[in-house]
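Each remark here refers to the structure printed beneath this line.
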Amino acid sequence: QVQLVESGGGLVQPGGSLRLSCAASGSIRSIDSMRWYRQAPGKQRELVATISGEFTNYVDSVKGRFTISRDNAKNTVYLQMNSLKPEDTAVYYCYNLAFNSWGQGTQVTVSS
């Protein structure tokens, strides 16, 4: 069993930045394979970014703007989001592949 807790969401103007954090606790020993998803109102949940070992991957709409990273010592995964756009507005969730566990989500709103 693993618990995931996201933080760092909020309201930001277009062009601004936010850094989301996902802290893992419980029986997890590794955050080697983690993902960030997002879900906008009325839309399906979308895979945004993946980190697995040294491999990272992003949905086309965020490439060059978002960066996924992790700190193994803190059991924490991050999503650095730059040049934010209104269409990035969504609830962002982290997901642990090995334990099939989701966090509770954190709201990101991009608006002037």
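For clarity, every value in this text was computed on a predicted model and none was experimentally measured.
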Checklist entry - Is there a path of hydrophobic side-chain contacts, each under 4.5 Å between heavy atoms of I, L, V, M, F, W or Y residues, that connects Tyr95 with Val77? => result no

Item to check | Test item: Glu6 and Gln104 side chains (from C-beta on) under 4.5 Å apart, heavy atoms | outcome: yes

Next on the checklist: Once salt bridge (Lys or Arg N to Asp or Glu O under 4.0 Å) is applied, what residue pairs with a partner in residues 94-112 remain, sequence neighbours excluded?
Outcome noted: none

Checklist entry - With Val12, which residues qualify under side chain to side chain contact (heavy atoms under 4.5 Å, CB included), at least two apart? => result Leu18, Leu84, Val110

Checklist outcome for this item: Contacts of Asp71 meeting salt bridge (charged side-chain N to carboxylate O under 4.0 Å, His left out) (sequence neighbours excluded), chain-then-number -> none

Checklist entry - Quick one: side chain to side chain contact (heavy atoms under 4.5 Å, CB included) partners of Ser112, sequence neighbours excluded? => result Pro14

Checklist entry - So which heavy atom on Ala24 is nearest to which on Val2, and how close? => result CB-CG2, 4.4 Å

Next on the checklist: Quick check: do Arg35 and Tyr37 have side-chain heavy atoms less than 4.5 Å from each other?
Outcome noted: yes

Checklist entry - Rounded to the nearest 0.5 Å, how far does CE of Met34 lie from CG of Asn75? => result 9.0 Å

Item to check | Considering all heavy atoms, the nearest Gly9-Leu20 contact | outcome: N-CD2, 3.6 Å

Item to check | Check: Phe99 and Leu4 side chains under 4.5 Å, non-hydrogen atoms | outcome: no

Listing, residues 41-51 side-chain donor-acceptor contacts under 3.5 Å, not counting sequence neighbours, or none:
from: Arg45; atom 1: NE; to: Gln39; atom 2: OE1; distance (Å): 3.4
from: Arg45; atom 1: NH2; to: Gln39; atom 2: OE1; distance (Å): 3.4
from: Glu46; atom 1: OE1; to: Arg38; atom 2: NE; distance (Å): 2.8
from: Glu46; atom 1: OE1; to: Arg38; atom 2: NH2; distance (Å): 3.4

Checklist entry - Quick one: side chain to side chain donor-acceptor pair (under 3.5 Å) partners of Tyr93, sequence neighbours excluded? => result none

Next on the checklist: Less than 4.5 Å apart, side chain to side chain, heavy atoms only: is that true for Phe66 and Val59?
Outcome noted: no

Next on the checklist: Rounded at 0.5 Å granularity, tell me how far OG in Ser61 sits from CG in Asp88.
Outcome noted: 7.0 Å

Checklist entry - Looking only at heavy atoms, which two atoms of Ser33 and Asn96 are closest? And how far apart? => result O-ND2, 3.9 Å

Next on the checklist: Test of understanding: with side chain to side chain donor-acceptor pair (under 3.5 Å), list the residues that count as partners of Ser17, not counting sequence neighbours.
Outcome noted: Asn82

Next on the checklist: Suppose the criterion is salt bridge (Lys or Arg N to Asp or Glu O under 4.0 Å): which pairs have a residue in residues 98-109, not counting sequence neighbours?
Outcome noted: none

Checklist entry - Under the side chain to side chain contact (heavy atoms under 4.5 Å, CB included) test, which residues partner Ser7, sequence neighbours left out? => result Ser21

Next on the checklist: Just so I know, are the side chains of Val108 and Met81 near enough to count as touching, which here means a heavy-atom distance under 4.5 Å?
Outcome noted: yes

Next on the checklist: So, using side chain to side chain donor-acceptor pair (under 3.5 Å) as the criterion, who are the partners of Ser101 when residues are at least two apart?
Outcome noted: none

Item to check | For Arg70, all residues meeting salt bridge (charged side-chain N to carboxylate O under 4.0 Å, His left out), sequence neighbours excluded | outcome: Asp32

Checklist entry - Leu11 versus Gln107: any side-chain heavy-atom pair under 4.5 Å? => result no

Item to check | Residues in side chain to side chain contact (heavy atoms under 4.5 Å, CB included) contact with Lys63, at least two apart in sequence or another chain | outcome: Tyr58, Asp60

